[in-house]
Amino acid sequence: MLFKRIEEHLQSVVAELCPELDHRQVVVRKCPVPKFGDYQCNSILGLAKRNGSNPREVASKVVERFKVDDALCEAVDVAGPGFINFRLKVSALESVMSDPELAAHCFVKPVAEPRTVVVDFSSPNVAKPMHVGHIRSTNLGDSLCRILRYVGHSVISDNHIGDWGTQFGKLIVGWKNDLDPNALEMDALGEMERLYRMMNQRCDDDPAALDLARSELLKLQQGDEENLKIWHRMIELSRKQFDEIYSRLGVTFDETLGESHYNDRLSDLASSMESAGFAERSEGALVVFFPDDKELKDHPAMIQKSDGAANYTTTDLATLDYRRERWSPDEILYVTDGRQQLHFKQLFRAYSKWRPDDCPNLEHPWFGSIMGKDGKPFKTRSGEVIKLAGLLDEAEERARKIVEEKNPDLDEAQKAEISRIVGIGAIKYADLLPNRQSDYVFDWDTMLALKGNTSPYLQYAYTRIQGIFRKAGISAESIDLSGGIQLQTEEEIALAKHLINFPLILQLVLDEYRPNYLCTYLFELAGFLSRVYENCPILKATPGVRSSRLALVNQAGIVIRQGLDLLGIEVTDVM
RNA sequence: GCGCCCGUAGCUCAGUUGGAUAGAGCAUCUGCCUUCUAAGCAGAAUGUCGCAGGUUCAAUCCCUGCCGGGCGUACCA
């Protein structure tokens, strides 16, 4: 990557000329305004300042030396109080663009130090349909897995299913007395949800019903055969429906283990933490205090309830320890709602007390809520949660209408396939585009719009490229770089410069676990591509120019396809 | 009460160790299809970055206070 080579060269010059400055802090970044250059460095400003020297003088000295053996930059100059601006040589750009190996991997080189990363996301609950609340975790987690893998890390995607807890007492009573086998056949999760609601209501009204539910729960926990059988059946049916959703979303997991998988670790865990001396009895419960932490000093982590039962934190600690034993990960990511921030802070702190010597890096990339147009949490008109399956259906139906309108001549199978790709892509892109920490408003019209920063726009940009190949009667795969890419116009140069920045953006995404940077990058890419498309004829160009431009737009197509793939979004050749 | 997050164009939002004239999309207005899919492109217009101080050569970004909103806050997950 050119920017990395510039940065390394610059660092070596600083190390040589100004040993008093820490050259590792010298970083090169993309220029915010193209008119100043392609890349810039403003680290000299702060470093020199802190050191008591004149930033402009230091920068000038560094630039003089930098230029001596630099092959990459057209111009390097000092601007303002000590910015250093770099403008790439077109020849350097062409040589990167024409390198088949670099191009094939979108200019991304595998990371020097691969990490093992466990990503915990999605986490639906048994006997409850997946709903809108699961899409952000699923999309964000899946995208992070894809990006981590693409840059060379070893990733374990792990779906931690909610398959244990007090709700199963009520569910088992409902299952035994009021199960509708036909409904179970048609829509298992819907039927289980109905049973749960019915029992919930009944238990609110009738203490005897609640007692019954409790006793069935106790039987389940003690290993009662019939209850276990029902419970297993509920899990099986639930997972079948989860798998249908994941298949539609194109999301896969390396491991799917329910909370119950960790049951036999829970009691040892509590006693181990208690005997180690940092968990103590308080109001009957076993808790870990964090007196030295401003945020947690009034919020101890509870690892055992006063009745001796485990809670969320207990299972999460057990799960964490299991993951450490099984995979020895360098890092574990928990992709959940922002409302669980306190819980994860407690969990992370408690675990690092328990396993101080081999605690992985624990991160909580949290996200905000999805709102309705009224600014309140996204619900149906009657106030019900919106089920994910229905949401995906509606996306495909809406996309279908647009396809019918724009391209009525396609055959039935094509229309169905395009509607699926466009509809699902629209939901995912709209979900990943905002900063993950923001709440966002769910709006069909915005996400499926044919213009603006949407996935249909990006998918369309891709089909335009494929259209050129169709018209030329050649396949994109047959394009090779043996003739090299020559960049003649401003538009082509701008596109190429943007393309080689792809790895830089992936790094940015991984630094903060924020795929929205990738969305913005792809939208900009589509803009640069459109400008080439408008201003640089390809098929009508002379043979040399034509093959160079074909290779250029093909590369743009590859990066769009790869970039969307990293967001979990598919492309199609025709729209 | 305490803690976390947010307040940026009419609307929805972005904004990379603090950095150059704060950016997109939508909506509005003006052009461009006998020319590789106009699901496109070019251009115009739009701001006390919640308010008030402070630190700095430089603050939307860091610190303090205030106003407004969301969320969390020991036996739910």
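Chain letters run A, B, ... following the sequence lines, proteins first, then strands; residues in each count from 1. Model, not experiment: these values are computed from the prediction.
- Comparing atom distances between the A/N85 side chain and each of B/A20, B/C57, B/A77 picks out B/A20 as nearest.
- Across A/L433 and A/N516, no two heavy atoms sit closer than the pair O-CB, 3.1 Å.
- At the phosphate of B/A58, neither OP1 nor OP2 sits under 4.0 Å from any side-chain N or O atom of A/K49.
- Under the Watson-Crick or G-U wobble criterion, with both distances below 3.5 Å, B/A9 has no partner in any strand shown.
- Out of B/C41, B/G70, B/C13, the shortest distance to the side chain of A/D439 is found at B/G70.
- One interatomic measurement links the two molecules: CG of A/N435 to P of B/A24, which rounds to 19 Å at whole-angstrom precision.
- Closest to the side chain of A/C31, out of B/G3, B/C6, B/A20, is B/A20.
- For A/K471, counting side-chain heavy atoms from C-beta on, the closest listed nucleotide (B/C36, B/U16, B/C4) is B/C36.
- With a 3.5 Å ceiling on both atom-pair distances, B/A45 lacks any Watson-Crick or G-U wobble partner.
- To the nearest angstrom, P of B/U17 lies 13 Å from NZ of A/K30.
- Closest approach of A/A476 and A/N554 over heavy atoms only: CB-OD1, 3.5 Å.
- Closest to the side chain of A/L508, out of B/A20, B/A42, B/U16, is B/U16.
- B/G65: Watson-Crick or G-U partner is B/C51, with both key distances under 3.5 Å.
- Rounded to whole Å, the separation between the P atoms of B/U35 and B/G23 comes to 37 Å.
- For A/D316 and B/A77, a side-chain-to-base donor-acceptor distance below 3.5 Å is absent, hydrogens and geometry of angles not being considered.
- In this structure, B/C71 and B/G3 make a Watson-Crick or G-U wobble pair, each of the two defining distances being under 3.5 angstrom.
- Between A/K297 and A/A285, the residue anchored closer to the 5' end of RNA chain B is A/K297, taking for each the nucleotide with the nearest heavy atom.
- Comparing the same atom, C1', in B/C13 and in B/U17 gives a spacing of 25 Å after rounding to whole Å.
- B/A20 has its base stacked against the ring of A/F36, the centroids being under 5.5 angstrom apart at an interplanar angle below 30°.
- Distance check on atom P: B/A14 versus B/G50 gives 14 Å, rounded to whole Å.
- Partner assigned to B/A58 is none, using Watson-Crick or G-U wobble distances below 3.5 angstrom.
- Rounded to whole Å, the separation between the P atoms of B/C4 and B/U64 comes to 10 Å.
- Set against B/C5, B/C36, B/A77, the side chain of A/W366 has B/C5 as its closest nucleotide.
- If A/A449 and A/A79 are placed on RNA chain B by their nearest nucleotide, the residue sitting closer to the 5' end is A/A79.
- Contact check, A/S530 against B/G40: no side-chain N or O comes under 4.0 Å of OP1 or OP2.
- For B/A22, there is no paired nucleotide, since no Watson-Crick or G-U wobble pair has both relevant distances below 3.5 Å.
- With distances taken from any side-chain atom of A/Y460 to the nucleotides B/A20, B/U37, B/A74, the minimum falls on B/U37.
- Between the C1' atom of B/A38 and the CG atom of A/L529 lies a distance of 15 Å, rounded to the nearest Å.
- The side chain of A/H299 lies closest to B/U73, out of B/A77, B/U73, B/C71.
- Shown here, B/U35 forms no base pair; nothing in the strands shown gives a Watson-Crick or G-U wobble contact with both key distances under 3.5 Å.
- Geometrically, A/R464 engages A/Y533 in a cation-pi contact, judged by NZ or CZ lying under 6.0 Å from the ring centre and within 45° of the ring axis.
- Within 4.0 Å of A/V287, counting heavy atoms only, lies at least one base atom of the nucleic acid.
- In terms of phosphate contacts, A/T166 brings no side-chain nitrogen or oxygen within less than 4.0 Å of OP1 or OP2 of B/C76.
- Looking only at side-chain heavy atoms (C-beta outward), A/L564 and A/I560 come within less than 4.5 Å of each other.
- In this structure the side chain of A/H23 never reaches within 4.5 angstrom of the side chain of A/L47, judged on heavy atoms.
- To the nearest whole angstrom, the two C1' atoms, one in B/C2 and one in B/A74, are 15 Å apart.
- No side-chain donor-acceptor contact under 3.5 Å links A/D204 and A/Q201.
- Seen from the ring of A/F528, A/R531 counts as a face-on cation partner, given the 6.0 Å and 45° thresholds.
- Of the side-chain N and O atoms in A/R464, none sit less than 4.0 angstrom from OP1 or OP2 of B/A39.
- Following rounding to the nearest Å, A/Q40 (CD) and B/U16 (C1') show an atom-to-atom distance of 11 Å.
- Taking atom P in both B/A20 and B/A58, one finds a spacing of 14 Å when rounded to whole Å.
- If you check B/A77, B/C41, B/U12 against the side chain of A/V441, the one that comes closest is B/U12.
- Of all nucleotides present, none satisfies the Watson-Crick or G-U wobble test against B/A27 with each distance under 3.5 Å.
- Residue A/D307 contributes atom CG, which lies 13 Å from atom C1' of B/A74 at whole-angstrom precision.
- In terms of polar N and O atoms assigned as donor or acceptor, the side chain of A/T463 never comes within less than 3.5 Å of the base of B/A39 in a complementary pairing.
- B/U16 and B/C57 have their P atoms separated by 23 Å, given to the nearest Å.
- Regarding A/F528, its CZ atom lies at a distance of 13 Å from the P atom of B/C41, rounded to whole Å.
- Between B/U73 and B/C26, the distance separating the two C1' atoms is 39 Å to the nearest Å.
- Distances from the side chain of A/S438 to the nucleotides B/A20, B/U73, B/C13 place B/C13 closest.
- B/C67 shows a glycosidic angle more than 90° from 0 and is accordingly assigned anti.
- Ring-to-base geometry places A/F83 in a stacked arrangement with B/A20 (centre distance under 5.5 Å, plane angle under 30°).
- Looking at heavy-atom distances under 4.0 Å, A/N516 makes contact with sugar-phosphate atoms alone, never a base.
- A donor and an acceptor atom, one from each side chain of A/Y429 and A/N453, are located under 3.5 Å apart.
- Here the shortest heavy-atom pairing between A/L210 and A/K170 reads CD1-CE, 4.2 Å.
- Contact annotation: A/K451 does not reach the phosphate of B/A39 (side-chain N/O to OP1 or OP2, under 4.0 Å).
- Using a 4.0 Å cut-off, some side-chain N or O of A/Y457 falls inside it from OP1 or OP2 of B/C41.
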